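Here's the structure we're looking at; comments come further down.
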Amino acid sequence: MKTILVTGGAGFIGSHLCEYLLHKGDFVICVDNLFTGSKENIRHLLQNSNFKFIEHDIIDPLHIEDRKIDQIYNLACPASPVHYQFNPIRTIKANTLGVINVLGLAKKHKARILQASTSEVYGDPTEHPQTESYRGNVNTIGPRACYDEGKRVAETLFFDYHRAHKLEIRVARIFNTYGPRMAKNDGRVVSNFIVQALNNDDITIYGSGKQTRSFCFVSDLVLALHKLMNAENFTGPVNLGNPEELTMTEIAEKIINLSGSRSKMVFRPLPEDDPKQRRPDISLAKAKLGWQPSVKVDDGLKKTIDYFRTVC
Ligand code: NAD
Ligand code: UDP
């Protein structure tokens with residue numbers, strides 16, 4: 001039985017990951033400050049004797065002495081633009097001070113550590129689709145920079161700890177992921193559109209709606225994170241996402257149709273620095289991890305809509 005620490009484990013992706021690791025037979029320690037995550041996401045795990053929840057902010061040093069930790073997944077960071085821009089300085093702290101604290105813990109325990117990085121390291125990309133060798137187009141002083149630059153420096157810290165201390169690292173560049181347990185107020189496109197559709201409210205398209213994203217269902221992503229963590233001799237960075245690319249009006253139409261909604265689309269101003277196009281090249285993940293997503297967008301959206309019907 002391995003002991004695995006998941007920071008951000010009470011969040012959307014983290015709660016699915018904790019669940020998956022417990023099913024695999026691991027002992028899971030979930031660390032979360034409950035800023036965007038919630039105890040509701042892990043309530044069904046709290047009775048499990050192989051699960052331990054610690055309410056803690058990774059910006060403060062983290063000491064775990066009672067068990068030897070084998071692996072750490074570092075997911076602790078608000079992920080939606082609304083939440084990471086709410087307190088941008090804390091977002092940067094989570095990705096610098098917080099990452100240094102978690103790397104220090106990994107070093108002490110000689111644990112392998114995986115960073116949940118992001119397609120945002122590519123910024124508003126000028127290459128399409130994005131491969132891992134593309135170095136990005138990020139505005140260092142814009143409203144998204146606290147997250148984008150934070151995640152970029154976190155990658156740098158991971159590789160410096162790897163070179164300086166021989167720490168075993170894994171870096172996943174996660175593209176837009178969706179599914180049950182997204183927070184309904186997090187402002188991300190899938191949760192916003194589904195909540196609006198279920199209430200027959202206007203669907204708020206920002207800008208022309210022609211900008212694209214590529215959406216990966218959470219169960220596919222969790223499998224990829226687990227494969228990456230357990231792959232030998234491969235640090236990444238590696239793109240993890242679904243290469244099927246959709247415009248925002250296309251995703252809105254799908255959600256309206258699948259939920260049987262009477263909502264209409266309305267157009268609102270595009271937020272500053274909003275990337276125009278995003279699609280992962282996942283050749284490296286296919287070759288190194290033998291992974292590609294298997295859940296079709298319509299099927300994943302149906303499951304997500306079913307979940308939101310229970311919480312809206
Ligand atoms: P989320 O907001 O649901 O989860 C983040 C979790 O981290 C929450 O439970 C939150 O309370 C916790 N957290 C935030 N700051 C913390 C801190 N300082 N100390 C301890 N806990 C803290 O978001 P998510 O979508 O599940 O994202 C998880 C990770 O994956 C994040 O690191 C995010 O940047 C990354 N990621 C997600 C996506 C996506 O599309 N969902 C895409 C790229 C990268
Ligand atoms: N978006 C939108 N309406 C919304 C929320 C988001 O049109 O109600 C757009 C947003 O401008 C962006 C895309 O959807 O172009 C994805 O936004 P999200 O916040 O989900 O993720 P990110 O921009 O970080 O990829």
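Since we're looking at a predicted model, the values are computed, not measured.
Salt-bridge check for Glu232 with Arg112: passed, with a basic side-chain N closer than 4.0 Å to an acidic carboxylate O. Remark: Lys52 engages Asp66 in a salt bridge, criterion side-chain N to carboxylate O under 4.0 Å. In summary, Asp186 and Arg188 engage in a salt bridge, as defined by a charged side-chain N under 4.0 Å from a carboxylate O. At a threshold of 4.0 Å, the pair Lys108-Glu65 counts as salt-bridged, since one of the basic side-chain nitrogens sits closer than that to a carboxylate oxygen.
A donor-acceptor pair under 3.5 Å is absent between the side-chain atoms of Glu19 and the main chain of Leu17, judged by distance alone. A distance-only check finds a donor-acceptor pair linking the side chain of Asn137 to the backbone of Asp124 [under 3.5 Å]. A donor-acceptor contact shorter than 3.5 Å links the side chain of Arg152 to the backbone of Val121. Not a single donor-acceptor pair under 3.5 Å links the side chain of Ser263 to the backbone N or O of Leu198. Under a 3.5 Å cut-off, the side chain of Ser49 and the backbone N or O of Gln47 do not form any donor-acceptor pair. Between the side chain of Thr247 and the backbone N or O of Thr212, no donor-acceptor pair lies under 3.5 Å. Panel note: side chain Asp220, backbone Val295; a donor-acceptor pair is recorded below 3.5 Å. Lys276 places no side-chain N or O within 3.5 Å of a backbone atom of Thr126 that could act as its donor or acceptor partner. Between the side chain of Asn200 and the backbone N or O of Arg262 there is at least one donor-acceptor pair closer than 3.5 Å. Between the side chain of Asn101 and the backbone N or O of Ile59, at least one donor-acceptor pair lies under 3.5 Å.
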| query | Please walk me through it: do Tyr122 and Asn239 pass side-chain hydrogen bond (donor to acceptor under 3.5 Å, both in side chains)? | reply | CA-CA 11 Å; Tyr122 302 125; Asn239 290 339; 2.8 Å; yes
| said: Between Phe193 and Ile305, is the side chain to side chain contact (heavy atoms under 4.5 Å, CB included) condition met? List the steps. | reply: CA-CA 10 Å; Phe193 286 2; Ile305 291 167; over 6 Å; no
| message | One pair to check against side-chain hydrogen bond (donor to acceptor under 3.5 Å, both in side chains): Asn230 and His226. What are the steps and the verdict? | response | CA-CA 6 Å; Asn230 293 293; His226 188 256; 3.2 Å; yes
| request: Just do the side chain to side chain contact (heavy atoms under 4.5 Å, CB included) check on Asn242 and Phe217 with the steps written out, would you? | output: CA-CA 8 Å; Asn242 188 333; Phe217 191 63; over 6 Å; no
| field | Derivation of the side chain to side chain contact (heavy atoms under 4.5 Å, CB included) call for Arg144 and Glu272 | value | CA-CA 8 Å; Arg144 296 176 83 100; Glu272 195 179 336; over 6 Å; no
| request: Under the side chain to side chain contact (heavy atoms under 4.5 Å, CB included) rule, what do Phe53 and Lys39 come out as? Steps first, then yes or no, please. | output: CA-CA 9 Å; Phe53 173 66; Lys39 273 232 176 137; 3.5 Å; yes
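The closest side-chain heavy-atom distance from Phe51 to Ile42 is below 4.5 Å. With contacts defined as side-chain heavy-atom distances shorter than 4.5 Å, the pair Thr249/Met265 qualifies. Within the 4.5 Å cutoff, no side-chain heavy atoms of Pro143 are placed close to those of Pro88. Inter-residue side-chain proximity for Ser214 and Pro280 is flagged as met; some heavy-atom pair is nearer than 4.5 Å. Looking at heavy atoms from C-beta onward, Lys24 lies out of side-chain contact with Lys2 at the 4.5 angstrom threshold. Using a 4.5 Å heavy-atom cutoff, the side chains of Leu225 and Ile174 are in contact. Inter-residue side-chain proximity for Phe158 and His162 is flagged as unmet; no heavy-atom pair is nearer than 4.5 Å. In this structure the side chain of Phe175 never reaches within 4.5 angstrom of the side chain of Ile282, judged on heavy atoms.
With rounding to the nearest 0.5 angstrom, the OG1 atom of Thr96 is 11.0 Å from the CD1 atom of Ile89. In this structure, the separation between CG on Asp281 and CD on Gln130 is 9.0 Å, given to the nearest 0.5 Å. Note that CG of Asp26 is 8.5 Å distant from CG of Asp70, once rounded to the nearest 0.5 Å. Interatomic distance, OH of Tyr73 versus CD1 of Ile13, reported as 12.5 Å (0.5 Å rounding). With values rounded to the nearest 0.5 angstrom, Lys286 atom NZ is found 9.5 Å from Trp291 atom CH2. Between the OH atom in Tyr307 and the NZ atom in Lys184 there is a gap of 8.5 Å [rounded to 0.5 Å].
A chain of hydrophobic side-chain contacts below 4.5 Å, direct or via other Ile, Leu, Val, Met, Phe, Trp or Tyr residues, connects Leu22 to Leu223. Under the 4.5 Å side-chain heavy-atom criterion for ILVMFWY residues, no single connected hydrophobic cluster contains both Leu114 and Val31. Phe159 and Met229 fall into different hydrophobic clusters, where Ile, Leu, Val, Met, Phe, Trp and Tyr are joined by side-chain heavy atoms under 4.5 Å apart, directly or via other members. Val311 and Ile255 fall within the same hydrophobic cluster, defined by Ile, Leu, Val, Met, Phe, Trp and Tyr side-chain heavy atoms under 4.5 Å apart, directly or through other members. Hydrophobic clustering, with ILVMFWY side chains joined whenever heavy atoms are under 4.5 angstrom apart, groups Phe12 together with Leu21.
In terms of heavy-atom proximity, Cys77 sits nearest to Thr91 at SG-CG2, 4.4 Å. Nearest heavy atom pair, residue Gly241 against residue Pro293, reads O-CG, 3.6 Å. Closest approach of Ile251 to Met248, counting heavy atoms only: CG2-O, 3.2 Å. In this structure, Gly123 and Asp148 approach most closely via the heavy-atom pair CA-OD2, 4.3 Å. In terms of heavy atoms, Pro180 sits closest to His16 at O-NE2, 2.9 Å. A pairwise comparison of heavy atoms in Phe308 and Ser191 identifies CZ-CB, 3.8 Å as the closest pair.
When the shell of 6.0 Å around CZ of Phe86 is examined, it contains 12 or fewer heavy atoms from other residues, nucleotides or ligands. Few gaps surround NZ on Lys68; more than 12 heavy atoms of other groups in view lie less than 6.0 Å from it.
Of the residues listed (Val102, Asn33, Asp32), the one engaging Ile58 in a side-chain contact (heavy atoms from CB on, under 4.5 Å) is Val102, and it is the only one. The one candidate from Val28, Leu105, Ile113 that meets the side-chain contact (heavy atoms from CB on, under 4.5 Å) condition with Leu5 is Leu105. Screening Glu155, Glu120, Glu132 against Arg173 for a salt bridge (charged side-chain N to carboxylate O under 4.0 Å, His left out) leaves a single residue, Glu155.
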